[in-house]
Amino acid sequence: MQTPTRPERSTDADSELSGARNRVPMAPAPTPKKTPFWIPIAIIVALLGAGLFVKSRLGGKADTQRQSTGPTAKTVRVVKVSTGTLVSNLTVTGQLRSNQNVNLSSKISGLVSAVYVNEGQKVSRGQLLVTLDDADLRQQVEANRAAVEAARVRLQQTQLNLPARIAQLQSSVDQAQAQLQNATAAVNSANARYQQALLQEPATITTTQSQLEAAKAGVRSAQAALKQARETANQTKGSVNAAIASAQAALSQARAQLDQTRNGSRAQQVAAAQAQVNLAEAQLADARTNLTRQETLFAGGATAKATVDAAQTQFNVAQAQLEAQKQNLSLIREGARTEEVRAAEDVVRQREAGLQSAQADQNRVLAAQSAVTQALAAVSSAQEQERQALASQATIPVTRQETRAALEALNQARAQANLQAAALRQAKVNLSQAPGFRADVPASRAALAQVQANLQQSIVNLGYARIFSPVNGVVSTKVTDVGQSAGPGTTLLNLVALDNVVFEAQIPESQLAQIQVGQPARVTVTAISNAPIIGYVREIIPVADERLRQFRVRIQMPPSDRLTPGAFARGSLQTQVITNAMTVPDEVIHTDQDQPYVYVATPSGDMAVVKKKVVKVGASANGKTQIVGGVGAGDLIITGNSTFEDGTKVITSEGEGGSSGRSGRGGDSSSGESSGSGTSASSGDSSTSGSSSSTGSGASSESNNGGSKGTGGTGSSGGTGSSGSGSSGG
């Protein structure tokens with residue numbers, strides 16, 4: 001356990017020495033015997049030792065517990081639990097900023113002719129800063145003045161010419177009525193033409209379209225007939241030629257057979273006859289295949305019946321030829337007979353008759369070709385009719401165009417009639433206004449007012465060529481010079497206002513709830529003075545810094561031309577005021593597992609008993625902490641870092657600056673309040689020796705108990721050179 005530094009006591013050395021003598025235990029009462037010679041020597045030695053001890057305490061050499069023949073007690077400093085007002089302040093730092101930063105530009109375009117300020121120069125509201133070249137603007141003003149005079153002359157002429165205008169308006173009405181009548185007649189005529197065109201158009205279109213459809217159908221029918229005639233002719237020609245060829249071959253064969261029959265047969269004849277039989281069989285197979293194909297086509301409607309008949313005839317002929325060839329082969333093998341000769345002759349005659357019959361069928365070929373020619377003529381006729389129908393179709397757009405032209409003519413006539421009607425109405429309106437103020441007079445007056453407004457605007461623009469300062473401030477930036485172009489939106493000068501400066505500081509998120517708009521603040525700008533400037537919270541920016549979680553607060557500063565935007569400043573905001581609060585210094589509060597406690601010294605006789613008490617703390621500010629429970633006002637709290645057990649007895653010394661305590665025996669005590677700085681000394685039993693000197697000056701206060709006076713001040717004591725300052729009440 002640390003031994004606390006004993007505070008220096010401001011009592012006299014004699015009183016301390018006297019107290020030490022009183023605390024030295026006295027020798028037993030002497031017996032009737034003669035006192036030994038060493039007893040007085042021992043008493044003197046003890047007194048000298050006590051004096052030396054007191055002298056060492058006064059010199060500040062030692063700060064340990066006082067040793068005596070009595071019990072040992074530690075001297076501690078105590079403070080009272082006081083009641084008062086606890087004020088919490090929040091200290092912030094930041095910069096001065098101007099709430100008005102003006103980028104000065106021109107309202108018109110032009111060349112800079114003069115700049116009257118430089119960067120850093122102070123300006124006042126209304127001071128001329130920049131001028132533009134105004135030669136063109138002055139010419140515009142003169143031109144507008146001339147226009148005003150001309151408009152005034154026109155107004156006078158309009159007023160003088162009013163009677164002639166009335167007659168002109170009446171004439172305009174009469175003329176508009178005549179034109180309206182003509183337009184109405186034109187509308188009626190155009191409407192009749194349009195109605196006639198509407199009646200003729202459907203009939204013409206229907207007739208031409210019907211003719212075209214009929215012609216197209218005739219062309220398709222004629223082309224189909226032509227195709228059929230050509231197919232029939234080709235088939236007829238083929239079948240007739242085949243029949244003639246077959247009849248000729250059969251006749252030749254019959255004649256050869258007749259010759260063979262008459263002349264007899266040979267091996268070569270037998271072979272030839274067998275070849276003819278084979279040929280006839282092949283021709284019969286070919287005729288059968290052709291007949292089957294033609295019957296299939298006829299059943300599908302792809303060929304004519306004549307073609308099927310020709311194929312049937314060819315098949316019958318081929319079959320008869322095969323039988324004849326077989327008989328001929330048989331006769332050749334058996335030999336010639338009379339009957340055979342006659343039969344061969346009969347066959348020849350039959351073959352001749354068949355050839356004549358086949359040749360007679362050539363008329364069928366001619367008839368088929370004649371049918372093809374007739375079909376071609378029919379196709380040509382149908383195509384001609386189609387061309388005529390198409391030519392008639394070409395008249396349909398013309399008919400429709402005529403109808404549209406008639407409609408457009410009708411619409412134009414109606415529009416012209418509407419225009420003439422509107423012109424007549426306007427003419428009548430103008431005529432109705434003639435007795436009163438005529439429209440031209442107000443119009444002339446309006447024109448005069450317009451050119452007067454133009455003149456006024458040109459004068460205003462001429463004034464814009466001179467640019468003045470809108471604020472009291474300083475030129476922060478100069479971005480133009482003589483000869484440069486200026487225009488709307490082009491910055492010429494940047495002005496920072498000095499009559500509306502704010503102090504912008506960063507406030508932690510935890511303290512934001514304690515700041516309100518209108519709250520007073522003390523701001524110190526060290527660049528100007530260490531004296532604080534009183535301002536107030538003007539606004540709280542409700543957007544936190546993402547990294548630091550701090551908010552910006554702007555404090556309005558009083559008007560002053562000494563406040564410079566950008567200067568560093570410190571501010572103090574009063575965040576909390578607690579009245580009638582019990583407070584103690586922060587250092588007297590100890591903690592044990594986050595549980596605050598204090599050591600309370602309860603007076604008990606000449607000493608005090610220590611007791612550890614758990615307390616409930618409140619706000620803290622300026623080195624003091626509010627106590628809201630656990631101790632009461634006036635309780636003595638032990639300071640320092642020493643630890644005590646409950647029931648420990650100590651000697652107390654009150655106050656932070658001087659000392660007031662209880663010392664001595666027999667009830668002599670001193671108590672009071674001290675101010676200043678210094679140390680407290682403990683009192684105990686000791687003897688003194690040596691000599692000391694002390695000088696001091698200060699203020700004195702009467703003891704509360706009337707026991708003694710104490711003088712506080714500055715002084716020095718021999719031995720250690722310890723010094724202190726303060727005022728003490730004894």
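Side chains included, hydrogens not; waters and symmetry mates left out as well; all remaining heavy atoms used.
With sequence neighbours left out, the side chain to side chain contact (heavy atoms under 4.5 Å, CB included) criterion links Thr491 to Asn103, Val479. Among residues two or more places apart in sequence or in another chain, the salt bridge (charged side-chain N to carboxylate O under 4.0 Å, His left out) test is passed with Glu119 by none. Under the rule for a side chain to side chain donor-acceptor pair (under 3.5 Å), Gln121 has no partner lying at least two apart in sequence or in another chain. Among residues two or more places apart in sequence or in another chain, the side chain to side chain contact (heavy atoms under 4.5 Å, CB included) test is passed with Ser113 by Thr131. Applying the salt bridge (charged side-chain N to carboxylate O under 4.0 Å, His left out) rule to Arg125 yields the partners Asp499; only residues at least two apart in sequence or on another chain are considered. Annotation: side chain to side chain donor-acceptor pair (under 3.5 Å) contacts of Gln127 (sequence neighbours excluded): none. Listed by chain and number, the residues in a side chain to side chain donor-acceptor pair (under 3.5 Å) with Asn118 are Lys478 (sequence neighbours excluded).
By the neighbour-count criterion of 12 heavy atoms within 6.0 Å, atom CG of Asp646 is densely surrounded, having more than that number from other residues, nucleotides or ligands.
Heavy atoms only, all atoms of each residue included: Pro520 and Leu573 are closest at O-CD2, 3.7 Å. For Ile108 against Ala465, the heavy-atom pair with the smallest separation is CD1-N, 4.1 Å. Across Ile534 and Pro558, no two heavy atoms sit closer than the pair O-CD, 3.5 Å.
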Under 3.5 Å, which donor-acceptor pairs do the side chains of residues 620-638 form with other protein atoms, sequence neighbours left out?
unit_1 : atom_1 : unit_2 : atom_2 : d
Ser620 : OG     : Thr625 : OG1    : 3.1
Asn622 : ND2    : Val87  : O      : 3.2
Thr625 : OG1    : Asp586 : OD1    : 2.4
Gln626 : OE1    : Ala619 : N      : 3.4
Asp635 : OD2    : Gly632 : N      : 2.9

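Ile467 CD1 to Ser106 OG: the interatomic distance, rounded to the nearest 0.5 Å, is 4.5 Å. From Ile555, atom CD1 reaches atom CD1 of Ile540 across 10.0 Å, with rounding to the nearest 0.5 Å. Note that CE of Met582 is 15.0 Å distant from NZ of Lys80, once rounded to the nearest 0.5 Å. Here the CG-CG distance, from Leu129 to Leu104, works out to 6.0 Å after rounding to the nearest 0.5 Å. Interatomic distance, Asn461 CG to Lys107 NZ, rounded to the nearest 0.5 Å: 10.0 Å. Here the OG1-CD distance, from Thr93 to Gln95, works out to 9.5 Å after rounding to the nearest 0.5 Å.
The side-chain hydrogen bond (donor to acceptor under 3.5 Å, both in side chains) pairs that include a residue from residues 466-477 are Ser476-Asn494, where partners are two or more places apart or lie in different chains. Applying the salt bridge (Lys or Arg N to Asp or Glu O under 4.0 Å) definition to pairs two or more places apart or across chains, those involving residues 503-525 are Arg97-Glu504, Glu504-Arg552, Glu504-Arg554, Glu509-Arg549. Sequence neighbours left out, not one pair with a member in residues 520-552 passes ring-ring contact (aromatic ring centres under 6.0 Å, His included). Sorted by first and then second residue, the pairs that involve residues 592-639 and meet ring-ring contact (aromatic ring centres under 6.0 Å, His included), not counting sequence neighbours, are His590-Tyr597, His590-Tyr599, Tyr597-Tyr599, Tyr599-Phe644.
Under the 4.5 Å side-chain criterion, counting only non-hydrogen atoms from C-beta, Leu495 is in contact with Val475. Two residues are said to be in side-chain contact when any heavy atoms from C-beta on lie closer than 4.5 Å; Val553 and Val92 fail this criterion. In this structure, Thr524 and Ile533 have side chains that are not in contact, with every pair of non-hydrogen atoms separated by 4.5 Å or more. Contact annotation: the side chain of Gln514 never approaches that of Ile507 to less than 4.5 Å [non-hydrogen atoms, C-beta and beyond]. Between Val79 and Pro585 the shortest side-chain heavy-atom distance falls below 4.5 Å. The closest side-chain heavy-atom distance from Leu90 to Ile515 is below 4.5 Å. Annotation: side chain of Ser109 is in contact with side chain of Pro488 (closest heavy-atom distance under 4.5 Å). By the 4.5 Å heavy-atom criterion applied to side chains, Val76 and Ser642 are not counted as neighbours.
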Residues Val584, Val598; criterion side-chain contact (heavy atoms from CB on, under 4.5 Å); working and verdict
CA-CA 10 Å; Val584 296; Val598 297; 5.5 Å; no

Could you walk me through whether Phe468 and Leu128 pass side-chain contact (heavy atoms from CB on, under 4.5 Å), step by step?
CA-CA 4 Å; Phe468 301 90; Leu128 179 61; 3.7 Å; yes

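Remark: the Lys74 side chain and the Thr648 side chain contain no N/O donor-acceptor pair separated by less than 3.5 Å.
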